[in-house]
Amino acid sequence: MKSNANAKLIVFHPSLHKQASAAPASHRLWVLFFITFFTLAFTLTLFNSAIPSSSSRSASAASSSSAAAATVPAAVADALLHYATTTNATHMTQAEIASIAAVLRRSPSANFLVFGLTHETLLFRALNFDGRTVFLDEREFLISQLEQQHPGIEAYDVQFTTRLSQASGLIKSARDQIKTDCRPVQNLLFSECKLALNDLPNYIYEVDWDVILIDGPRGYLPSAPGRMSSIFTAAVLGRSKKGGGGGDGKTHVFVHDIDREVERICSEEFLCEENLVETVDLLGHFAVERMERDSFEFCRNRTKPSPSATRKMIDM
């Protein structure tokens, strides 16, 4: 019995040993097979998804086009709707608007300051939809109406203390104080010059404006504010830039109705004939360069108003 038990143990023991060693080897082969199979399948799936069929590419392109069409800037849509439903919508000529648009195209993300709310307001905002456009106007009720109809537009009402009938005296006063209160480089927020607008939102004086349009305030009646302060303020903002600004580094100042006496004389006095780029219909385009703080002349070659021009302003 004892020898039989021993015999069975000797025979049985090697058998168990072989099965125990063979089983893990078999399992390892199967595991290796499955890993290889799934790795290959996953690789093929990625390869196929990376190279879509022509129909998939067409569908993708169509969806991309739809997405692009859906992301048209709201300002552009506003302008299109506005001009599609308004007759005689602009008071500027096509050539005048094109002149401003050309400068905005050369100044991506421009800082654009506009004096006056006009029929072109939404159009100018749309033309500079990737930049910052700020509107200033004397009529508080129009500012409120605009903000209600077009939320997100940036507009402020301005209190002008000047009168068109005072133009001659104000220009003379500014010339007399050109080295003190009315100097070309200064922080207008603290200015005592009678032509300076010093009650605008504080940040207006900190921004390097690339483009400034002067189409306001009203300037066709003796009791109207006139555009003397707008032109003087634009001239100082352009010359007081802290940095180089966008585009060519200059501030492009457009003066509408430059055929009128006050607009023409103030432009010659503060924006200067040497900076005149072009005149398109009734729009004067000036490119003003930054000046150093110790500069005390707006123009290198000053052109003083003639006595007859001064008398015309007094008689207004």
May I ask you to test the [X]-[Y] pair for a side-chain heavy-atom distance under 4.5 Å?
| X | Y | result |
| --- | --- | --- |
| Met228 | Val262 | yes |
| Leu164 | Tyr220 | no |
| Ile97 | Gln94 | no |
| Phe286 | Cys272 | no |
| Phe135 | Ile153 | yes |
| Tyr203 | Val134 | yes |
| Arg264 | Asp259 | no |
| Asp157 | Asp137 | no |

Output yes when a side-chain donor or acceptor of [X] lies under 3.5 Å from a complementary backbone atom of [Y], and no otherwise.
| X | Y | result |
| --- | --- | --- |
| Arg227 | His256 | yes |
| Ser107 | Ala110 | no |
| Ser295 | Glu292 | yes |
| Gln149 | Leu146 | no |
| Arg239 | Met291 | no |
| Glu138 | Arg218 | yes |
| Asp281 | Leu283 | no |
| Ser267 | Glu263 | yes |
| Arg139 | Leu117 | yes |
| Lys242 | Val207 | no |

Residues Thr251, Asp210; criterion side chain to side chain contact (heavy atoms under 4.5 Å, CB included); working and verdict: CA-CA 5 Å; Thr251 299; Asp210 302 301; over 6 Å; no

I need the minimum non-hydrogen distance between [X] and [Y], along with the two atoms involved.
| X | Y | value |
| --- | --- | --- |
| Ser223 | Arg163 | O-CD, 2.9 Å |
| Ser229 | Thr162 | OG-CG2, 3.4 Å |
| Gly238 | Val288 | C-CG1, 4.3 Å |
| Leu195 | Ala174 | CD1-CB, 3.9 Å |
| Ala287 | Lys250 | CB-CD, 3.8 Å |

Roughly how far apart are [X] [atom1] and [Y] [atom2], rounded to 0.5 Å?
| X | Y | atom1 | atom2 | value |
| --- | --- | --- | --- | --- |
| Ile214 | Ser230 | CD1 | OG | 6.0 Å |
| Arg260 | Cys266 | CZ | SG | 11.5 Å |
| Asn128 | Leu123 | CG | CG | 11.0 Å |
| Arg125 | Glu120 | CZ | CD | 16.0 Å |
| Arg300 | Glu274 | CZ | CD | 5.0 Å |

I'd like to know whether Phe112 forms a side chain to side chain contact (heavy atoms under 4.5 Å, CB included) with Trp209, so could you lay out the CA-CA distance, the side-chain angles of the two residues, the decisive distance to 0.1 Å, and finally the verdict. CA-CA 6 Å; Phe112 185 20; Trp209 298 102; 5.7 Å; no

So if you build clusters from Ile, Leu, Val, Met, Phe, Trp, Tyr with side-chain heavy-atom gaps below 4.5 Å, do [X] and [Y] land together?
| X | Y | value |
| --- | --- | --- |
| Val280 | Ile212 | no |
| Leu200 | Leu237 | yes |
| Leu213 | Val277 | no |
| Leu276 | Leu282 | no |

What residue among Glu297, Glu269, Glu268 forms salt bridge (Lys or Arg N to Asp or Glu O under 4.0 Å) with Arg175? Glu269

Pick one: which of Val114, Asp215, Val211 meets side-chain contact (heavy atoms from CB on, under 4.5 Å) with Phe254? Val211

Thr233 pairs by side-chain contact (heavy atoms from CB on, under 4.5 Å) with which of Leu188, Ile204, Val158? Leu188

All pairs passing side-chain hydrogen bond (donor to acceptor under 3.5 Å, both in side chains) where residues 189-202 contributes a residue, at least two apart: Gln186-Ser191

Residues that Phe270 engages under ring pair (Phe, Tyr, Trp, His ring centres under 6.0 Å), provided they are two or more places apart: Phe232, Phe298

Looking only at side-chain N and O atoms, does Thr133 offer a donor or acceptor that is under 3.5 Å from a partner on Glu154? no

Side chain to side chain contact (heavy atoms under 4.5 Å, CB included) assessment of Arg106 paired with Val103: CA-CA 5 Å; Arg106 296 198 300 269; Val103 173; 3.4 Å; yes

Please report the C-alpha distance between Val255 and His285 in whole Å, then the side-chain angles of each, then the deciding distance to 0.1 Å, and finally whether the side chain to side chain contact (heavy atoms under 4.5 Å, CB included) criterion is met. CA-CA 7 Å; Val255 180; His285 174 195; over 6 Å; no

For atom CD of Glu147, is the number of surrounding heavy atoms from other residues, nucleotides or ligands below 6.0 Å larger than 12? yes

For residues 178-185, tabulate all N or O donor-acceptor pairs below 3.5 Å that involve a side-chain atom, not counting sequence neighbours.
{"from": "Thr180", "atom 1": "OG1", "to": "Gln177", "atom 2": "O", "distance (Å)": "3.2"}
{"from": "Arg183", "atom 1": "NE", "to": "Val185", "atom 2": "O", "distance (Å)": "3.4"}
{"from": "Arg183", "atom 1": "NH1", "to": "Thr180", "atom 2": "O", "distance (Å)": "2.4"}

